[in-house]
Amino acid sequence: MGIIERIKEIEAEMARTQKNKATEYHLGQLKAKIAKLRTQLLEPPKGASGGGEGFEVTKYGHGRVALIGFPSVGKSTLLTMLTGTHSEAASYEFTTLTCIPGVIHYNDTKIQLLDLPGIIEGASEGKGRGRQVIAVAKSSDLVLMVLDASKSEGHRQILTKELEAVGLRLNKKPPQIYFKKKKTGGISFNTTAPLTHIDEKLCYQILHEYKIHNAEILFRENATVDDFIDVIEGNRKYIKCVYVYNKIDVVGIDDVDRLARQPNSIVISCNLKLNLDRLLARMWDEMALVRVYSKPQGQQPDFDEPFVLSSDRGGCTVEDFCNHVHRTLVKDMKYALVWGTSARHNPQNCGLSQHLEDEDVVQIVKKKERDEGGRGRFKSHSNAPARIADREKKAPLKQ
């Protein structure tokens with residue numbers, strides 16, 4: 001029996017099992033088995049040489065956004081409108097067969113936009129190049145899930161299920177669970193919050209399923225069984241997602257209002273070019289890019305080319321800014337002067353841990369270089385010998 005058949009068999013058993021206090025331990029074990037099998041499904045087959053055929057493109061710009069959706073929902077048209085890059089669009093499905101990159105120039109930054117082939121139900125099992133599409137989505141900073149406003153609402157659930165099956169967690173934060181394997185000592189279980197979805201016995205059974213008998217566990221929040229399994233697996237990617245409903249020009253105003261009020265959703269029309277500026281602003285807010293302008297000492301700030309920082313790519317502190325400029329600048333820095341919304345007063349004298357905000361101006365003050373003779377321009381000691389007897393005797397004055 002193959003891995004896919006075993007997964008379907010366990011899912012059928014979970015659907016048959018009633019959910020109550022008596023069966024929650026059994027359901028927890030079944031969830032752990034499915035997570036293990038799905039991890040095996042993503043691994044390359046044993047004995048296979050090479051990395052397989054994919055369409056990964058080189059990262060470019062300050063952020064990466066992936067367009068994911070069913071065939072013929074308007075992904076290629078959206079890429080052409082936002083970036084100017086031509087992507088083939090036609091009235092038949094699967095027009096796009098590979099990954100087509102484009103670049104959005106917005107707020108002095110460059111954002112890479114990827115048009116991916118349409119995925120279908122069963123993409124997590126490898127149907128229709130689904131694995132390659134999802135692999136590219138994992139390397140993105142933001143996912144735009146393009147949906148057809150005139151189709152049923154079930155498409156959103158199907159796509160979310162396919163992405164979660166391969167370890168993508170949309171609009172979720174990593175669970176506050178500390179987990180560490182040990183060599184000896186058994187299992188240490190602690191919690192700082194009351195647990196209602198999981199208990200110590202269920203944790204032991206899930207760890208037994210993974211053949212882990214020595215570990216340290218600490219729950220800092222009321223987590224679920226699925227959260228605990230995600231922490232054990234350790235290969236989950238938590239990514240932001242915006243649901244983009246296209247073709248709103250073919251539905252009624254009531255449906256548009258209902259779709260626009262859903263969380264993490266935005267409605268557009270590529271045909272009539274409606275709401276595209278709002279989509280760009282929403283992408284900018286979700287990616288949380290921080291533009292920092294440099295100011296050389298005694299000169300005006302350079303507002304032409306900002307340094308773009310983000311919490312997903314390194315961080316937004318003064319230390320991260322120094323590493324962007326040059327990796328040796330951190331050692332040479334004495335202090336930083338910061339102007340902007342992150343400063344309490346302008347300018348504020350800051351250290352390396354100061355958190356920067358969008359459109360801040362930073363001036364780095366470096367340590368003064370020491371001469372070999374002493375500090376600065378003035379020598380702190382003489383080069384003459386310490387003992388008087390060792391000093392060079394001057395010639396006597398002429399009478």
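Expressed to the nearest 0.5 Å, how far CD1 of I268 lies from CG of N246 amounts to 4.5 Å. Atom OG of residue S140 and atom CD of residue Q112 lie 8.5 Å apart, to the nearest 0.5 angstrom. Distance check, rounded to the nearest 0.5 Å: NZ of K33 to CD1 of I229 gives 12.0 Å. With rounding to the nearest 0.5 angstrom, the CD1 atom of I187 is 10.0 Å from the NE2 atom of H208. Put simply, CE on M145 and CG on N264 are 10.5 Å apart, with the number rounded to the nearest 0.5 Å. For the atom pair D115 CG and S76 OG, the distance stands at 3.5 Å (nearest 0.5 Å).
Counting only distance, with no hydrogens or angles, the side chain of K172 and the backbone of I239 share no donor-acceptor pair below 3.5 Å. At least one donor-acceptor pair under 3.5 Å links the side chain of N275 to the backbone N or O of V267. Listed for the D285 side chain is no donor-acceptor partner under 3.5 Å among the backbone atoms of R282. Panel note: side chain T23, backbone Q18; a donor-acceptor pair is recorded below 3.5 Å. Proximity of a side-chain donor or acceptor of N107 to a complementary backbone N or O of T109 within less than 3.5 Å is not detected. In this structure, K36 contributes its side chain and E209 its backbone to a donor-acceptor pair below 3.5 Å. Between the side chain of E221 and the backbone N or O of Q176 there is at least one donor-acceptor pair closer than 3.5 Å. R236 contributes no side-chain N or O that, together with a main-chain N or O of L168, makes up a donor-acceptor pair within less than 3.5 Å. One N or O on the side chain of D358 and one on the backbone of R291 form a donor-acceptor pair closer than 3.5 Å. K240 contributes no side-chain N or O that, together with a main-chain N or O of L142, makes up a donor-acceptor pair within less than 3.5 Å.
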side-chain contact (heavy atoms from CB on, under 4.5 Å) assessment of L27 paired with M14: CA-CA 7 Å; L27 287 171; M14 289 177 65; 4.3 Å; yes

I212 and I232: CA distance, side-chain angles, deciding distance, side-chain contact (heavy atoms from CB on, under 4.5 Å) verdict: CA-CA 10 Å; I212 298 173; I232 296 174; 4.1 Å; yes

Intermediate values then yes/no, salt bridge (charged side-chain N to carboxylate O under 4.0 Å, His left out), D148 and K247: CA-CA 6 Å; D148 193 337; K247 304 181 184 179; 3.5 Å; yes

From CA spacing to verdict: side-chain contact (heavy atoms from CB on, under 4.5 Å), L114, V65: CA-CA 6 Å; L114 302 180; V65 179; over 6 Å; no

Verdict with reasoning, E13 to H26, per side-chain contact (heavy atoms from CB on, under 4.5 Å): CA-CA 10 Å; E13 185 180 348; H26 179 59; 3.0 Å; yes

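Two residues are said to be in side-chain contact when any heavy atoms from C-beta on lie closer than 4.5 Å; V143 and V242 fail this criterion. Proximity of Q354 to S342: side-chain heavy atoms (C-beta onward) are separated by under 4.5 Å at one or more points. Between Y25 and D199 there is a side-chain heavy-atom pair separated by less than 4.5 Å. For the pair L276/L78, a side-chain contact is recorded, criterion being any heavy-atom separation below 4.5 Å from C-beta on. No side-chain heavy atom of Y106 sits under 4.5 Å from any side-chain heavy atom of M283. In this structure, the side chains of L207 and F179 come closer than 4.5 Å at one or more pairs of heavy atoms. Considering only heavy atoms from C-beta on, Q29 stays 4.5 Å or farther from I206 through its side chain. With contacts defined as side-chain heavy-atom distances shorter than 4.5 Å, the pair V231/P175 qualifies.
Linking ILVMFWY side-chain heavy atoms closer than 4.5 Å, directly or via other members, places L280 and Y243 in a single hydrophobic cluster. Note: the hydrophobic cluster containing Y60 does not contain V308 (ILVMFWY, side chain heavy atoms under 4.5 Å, direct or indirect links). There is a path of hydrophobic side-chain contacts, each under 4.5 Å, that joins V250 to V244. If you chain together hydrophobic residues whose side chains sit under 4.5 Å apart, V325 and M333 fall into the same group. Residues F228 and I34 are members of separate hydrophobic clusters, defined by side-chain heavy-atom contacts under 4.5 angstrom among Ile, Leu, Val, Met, Phe, Trp and Tyr.
For D141 and R64, the salt-bridge test fails: no basic side-chain N is under 4.0 Å from an acidic carboxylate O. Look at D257 and R261 and you find a salt bridge, because one of the NZ, NE, NH1 or NH2 atoms lies within 4.0 Å of a carboxylate O, short of that distance. The pair D302-K295 does not meet the salt-bridge criterion, since no charged nitrogen lies less than 4.0 angstrom from a carboxylate oxygen. Salt-bridge annotation for E216 and K180: absent, with no side-chain N of the basic residue lying under 4.0 Å from a carboxylate O of the acidic one.
If you check the side chains of E305 and Y293, you find no donor sitting under 3.5 Å from an acceptor. Defined by atom type and a distance below 3.5 Å, a donor-acceptor pair is present between the side-chain atoms of E200 and Y204. E319 and H324 are not linked by any side-chain donor-acceptor pair at a separation below 3.5 angstrom, with hydrogens and angles left out of the test. Looking at N214 and T184, their side chains never bring a donor and an acceptor atom within 3.5 Å of each other.
The aromatic rings of F219 and F189 sit tilted relative to each other, their planes meeting at an angle between 30° and 60°. The aromatic rings of F70 and H155 lie tilted to each other, with the angle between the two planes from 30° to 60°.
Within 6.0 Å of NE2 in H197 there are more than 12 heavy atoms belonging to other residues, nucleotides or ligands. Annotation: K237, atom NZ; neighbour count of heavy atoms from other residues, nucleotides and ligands within 6.0 Å is above 12. Within 6.0 Å of NZ in K334 there are 12 or fewer heavy atoms belonging to other residues, nucleotides or ligands. By the neighbour-count criterion of 12 heavy atoms within 6.0 Å, atom CD of Q157 is densely surrounded, having more than that number from other residues, nucleotides or ligands. Other residues, nucleotides and ligands contribute over 12 non-hydrogen atoms within 6.0 Å of the NZ atom of K59. Environment of CZ in R278: sparse, with no more than 12 heavy atoms of neighbouring residues, nucleotides or ligands closer than 6.0 Å.
Nearest approach of T77 to C270, heavy atoms of both residues: CG2-CB, 3.8 Å. For S311 against C316, the heavy-atom pair with the smallest separation is N-SG, 3.6 Å. Smallest separation of non-hydrogen atoms from P263 and R156: O-NH2, 3.5 Å. The two residues Q262 and Y245 make their nearest non-hydrogen contact at OE1-OH, 3.2 Å. Heavy-atom minimum distance, L67 versus L116: O-CB, 3.6 Å. The shortest non-hydrogen separation linking L202 to E24 is CD1-O, 4.0 Å.
Evaluated for a side chain to side chain contact (heavy atoms under 4.5 Å, CB included) with F321, the options V292, L329, V338 yield exactly one hit, V292.
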